[in-house]
Every structure is written in structure tokens, then in C-alpha cells.
There are 2 protein chains.
Amino acid sequence: MTTTRRYPGDPEDPGLPYNAFAKECPSRGTLEHVTGRWGALTLGALSGGSLRFNELRRRVGGVSEKMLSQTLHALERDGLVHREAQPTNPPRVDYELTPLGHEAARRVLSLIHFLEDSMDDVLLARESYDARGAR
Amino acid sequence: MTTTRRYPGDPEDPGLPYNAFAKECPSRGTLEHVTGRWGALTLGALSGGSLRFNELRRRVGGVSEKMLSQTLHALERDGLVHREAQPTNPPRVDYELTPLGHEAARRVLSLIHFLEDSMDDVLLARESYDARGAR
DNA sequence: CCGTATCCATTTGGATACTG
DNA sequence: CAGTATCCAAATGGATACGG
């Protein structure tokens, strides 16, 4: 038998209709929405339950109205976030994760928490890198 | 006792020295390196073992030399990737994940695979969104 | 309150050319 | 092969003003 060499994104890998490592794959776009600068934090913030626009804005430190709005539209279009608008005055709009969004958010939060827990190591690595970089 | 309301990034949460949801936290920067446009794919590609620069470039579809170089420098500085250079001619440089990088890559790949597996749902959600958006 | 629209500064990113 | 340097196009992001 021939050796099968498999790696993430191997174009020869059977049964993988979508491959984020391939430039043209639509999953690439969704990956960018989810892992983008504000996408990951937005999903993470919503993982605790539904939030209104300005609540969300306060939870995601530093995001502008424009960027939060764009991020939410992209996530809603991908079916990860549901937007619930009440036609009251003043208007009230709640954002919440869909079941798919919850699954994605769990994985995103796992990464975020891991990195937060590893920051002492990361900061040490940076010091070491910067010190060596001088030579 | 008072109710403790905890959510991702809650600034009142004790025992969390690093909080990616806070604008000034250094973990925010590392999160962006790892989840950035090329960071996630680079980590994923390296999860199968060490790769040379141009091998990596071929695995990560669409990345330019400049962006791959920048991405690798950032990940190396954060202690997630190790660079092994042989002073031969022609030069040979191998990149591999550190133990920390492996842990991060596992979580990143979990997300990537989940999204790849969910693309049919995502694409359906987009159709539905675009159809409704017309009204 | 919940956004959209517009303008503008900054950043990011790709193509190309070039070096050790 | 493994990058760096440069130039320029495009995307990002903030501030402000405005509308439902």
C-alpha cells in the first residue's frame, strides 16, 4: 500500500468538501468572521446569554459602533447570531447565539481562556526574544 | 450573600489577571496574532509537524511572503513557534510549534474543523438572510 | 436606544524587485 | 531557499452627524 500523508488542508484528503487552507474555499470567509479582530470577542461575550447592542459594546472593550454593527451583521448572515428586535419605543434589540453559534463560541472561548492562562509564558517568551534579537 | 454575575471578561471577576475583553490587556494582542487572518491557518498548518518557509507558504493558500514572514515573527515572539535555521547553503529554515503552540493549535484546529463541517448550514443561513434582506 | 452614513487618518496587505 | 525593501491599493477604524 502507498503511504497516505495527511495534513490540515491536504487537497488530496477525501471527504473534505470544505478546506479553510484553500484560498477559494467559502469556509475561509466564515473563519475570518469568527476569528476576526472583533468576531471572536463578540461570540465570546454572547456566550453568557443574550445582550443588547450597547451592553455588548461595553463588554467588548474598544469596539466602535461601526465595527460592532459590521461584525454582528456578518455573524448573523452566517447563522451564528440571532437578532431579536422589539418594535417598541425606544427600540430594544437583543442579540443571542444560535445553536451553531454556541458551538463556535465554546471553541473560541476555549482558545481565549487558554491564551489568558498562558500570558505569563508568552510575556516571558517575548522578553527572551527581544533580548536575543539585539544581537 | 450577593448574587455574583459572571460573564466572559467581567472586570470584577477575581483571579483573572488577564482579560482579552479588556482593551488594554496584553492577551488581546496575542489573541490577534493567533486568530488573525493568517495566524490561525499558520498554526493549523504547523500542527502536523515542522515545515520549511516555502512548504508552509504552499500549505496556507493565498498568503504572501511578507504576511507569512510577519505572522511567523509574531508567533515566534509570543513563544508559539520555534525557528530552526541551518547555516547551510542554500539556507534551510524549519518552523515548528512549541508545546504552547501545540496547545493553541489544537484549539484553533478544533474551531476550523467545526466551521468546515458546518459550512452547509452556514451557506443555507446566508441564502435565507439574503432572501429576507430584500424586503 | 439602535443604529446608518459620511469623511478621513491609519493600518494592512499584495505585487514586485532584490539580496545573502 | 529564505527572506527584506519598497511602492501602492484596499481595508480598517474612529469621529461625527443624523434618522427611525
Side-chain angles (χ1 to χ4, degrees), chain A residues 21-24 28-42 45-46 50-77 81-96 129 132-135, chain B residues 21-24 28-42 45-46 50-77 81-96 129 132-135:
Chain A
F21 293 86
K23 181 160 114 181
E24 351 66 55
R28 174 79 66 98
T30 299
L31 178 63
E32 284 172 16
H33 297 155
V34 170
T35 63
R37 187 164 188 178
W38 303 116
L41 295 173
T42 299
L46 284 173
S50 89
L51 291 174
R52 302 174 64 176
F53 187 83
N54 281 321
E55 283 178 325
L56 199 43
R57 194 154 124 68
R58 282 187 290 275
R59 297 275 178 98
V60 180
V63 70
S64 67
E65 291 185 354
K66 178 183 168 183
M67 284 302 109
L68 181 56
S69 180
Q70 276 188 20
T71 300
L72 285 169
H73 280 309
L75 294 176
E76 188 192 356
R77 192 168 103 98
V81 163
H82 175 70
R83 180 180 186 275
E84 187 77 33
Q86 319 272 2
T88 59
N89 192 312
R92 177 189 175 98
V93 183
D94 288 277
Y95 292 92
E96 60 184 343
Y129 180 93
R132 292 184 63 82
R135 66 184 174 105
Chain B
F21 293 86
K23 181 159 110 180
E24 352 66 56
R28 174 78 67 96
T30 299
L31 178 63
E32 283 172 16
H33 297 154
V34 170
T35 63
R37 187 164 187 181
W38 303 116
L41 295 174
T42 299
L46 284 173
S50 90
L51 291 173
R52 302 174 65 173
F53 188 83
N54 281 320
E55 283 178 325
L56 200 43
R57 192 154 127 70
R58 282 187 289 274
R59 297 273 179 99
V60 180
V63 70
S64 67
E65 293 185 351
K66 177 184 168 182
M67 284 302 108
L68 181 56
S69 181
Q70 275 188 21
T71 300
L72 285 169
H73 280 310
L75 294 176
E76 188 192 356
R77 193 168 102 98
V81 163
H82 174 69
R83 181 180 186 277
E84 187 77 32
Q86 320 273 2
T88 59
N89 192 312
R92 178 190 176 96
V93 183
D94 289 278
Y95 292 91
E96 61 185 342
Y129 180 94
R132 293 183 63 81
R135 71 188 170 101

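What you see is a predicted model; the values in this text were computed from it and never measured. Labels below follow one simple rule: chain letters A, B, ... track the order of the sequence lines, proteins then strands, and each chain is numbered from 1.
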Could you check how far [atom1] of [X] sits from [atom2] of [N], rounded to whole Å?
X	N	atom1	atom2	answer
Gln70(B)	dA2(D)	CD	P	19 Å
Lys23(A)	dG13(C)	NZ	P	15 Å
Arg83(A)	dC1(C)	CZ	P	16 Å
Asn54(A)	dC2(C)	CG	P	5 Å
Glu55(A)	dC2(C)	CD	C1'	13 Å
Leu51(A)	dG3(C)	CG	P	13 Å
Leu68(B)	dG13(C)	CG	P	13 Å
Met67(A)	dT10(C)	CE	P	17 Å

With nearest nucleotides of DNA chain C determined for Arg58(A) and Arg37(A) from heavy-atom distances, which residue corresponds to the more 5′ nucleotide?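 Of the two residues, Arg58(A) wins.
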For a quick test of reading the model, state the closest non-hydrogen atom pair linking Ser50(A) to Glu96(A) and the distance between them.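 In this case the closest contact between Ser50(A) and Glu96(A) is CB-CB, 3.6 Å.
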For Arg57(B), what residues pass the salt bridge (Lys or Arg N to Asp or Glu O under 4.0 Å) criterion, not counting sequence neighbours?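 Partners of Arg57(B) by the salt bridge (Lys or Arg N to Asp or Glu O under 4.0 Å) criterion come out as none, since no residue qualifies.
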Arg37(A): what forms a salt bridge (Lys or Arg N to Asp or Glu O under 4.0 Å) with it, not counting sequence neighbours?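 Glu32(B).
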Quick check against the 3.5 Å criterion: does [X] have a side-chain atom that pairs as donor or acceptor with the backbone of [Y]?
X	Y	answer
Arg28(A)	Gly61(B)	yes
Thr35(B)	Thr35(A)	yes
Thr42(B)	Trp38(B)	yes

Taking only N/O atoms, report every protein-nucleotides 15-20 of chain C pair under 3.5 Å with atom names and distance.
none

Could you tell me whether the phosphate oxygens of [N], OP1 or OP2, come under 4.0 Å of any side-chain nitrogen or oxygen in [X]?
X	N	answer
Trp38(A)	dG13(D)	yes
Tyr95(A)	dG3(C)	yes
His73(A)	dT4(C)	yes
Ser69(B)	dA2(D)	no

Name the closest nucleotide to the Arg52(A) side chain, picking from dC1(D), dC2(C), dG14(C).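 From the listed options, dC2(C) comes nearest.
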Rounding to 10 degrees, work out the angle separating the end axes of the helix from dG3(C)-dC18(D) to dG20(C)-dC1(D) (five pairs an end).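 The helix from dG3(C)-dC18(D) to dG20(C)-dC1(D) shows an end-to-end axis angle of 40°.
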By side-chain hydrogen bond (donor to acceptor under 3.5 Å, both in side chains), which residues pair with Arg77(B), not counting sequence neighbours?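 Once residues adjacent in sequence are excluded, the partners of Arg77(B) under the side-chain hydrogen bond (donor to acceptor under 3.5 Å, both in side chains) criterion are Asp130(A).
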Side chain to side chain, Leu56(A) and Leu68(A), heavy atoms closer than 4.5 Å: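 A side-chain contact exists here, since the closest heavy-atom pair is under 4.5 Å.
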Any pair counted as side chain to side chain donor-acceptor pair (under 3.5 Å), so long as it reaches residues 83-94 of chain A, sequence neighbours left out: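 Every pair satisfying side chain to side chain donor-acceptor pair (under 3.5 Å) with a residue in residues 83-94 of chain A: His82(A)-Glu84(A), Arg83(A)-Tyr95(A), Arg92(A)-Asp94(A).
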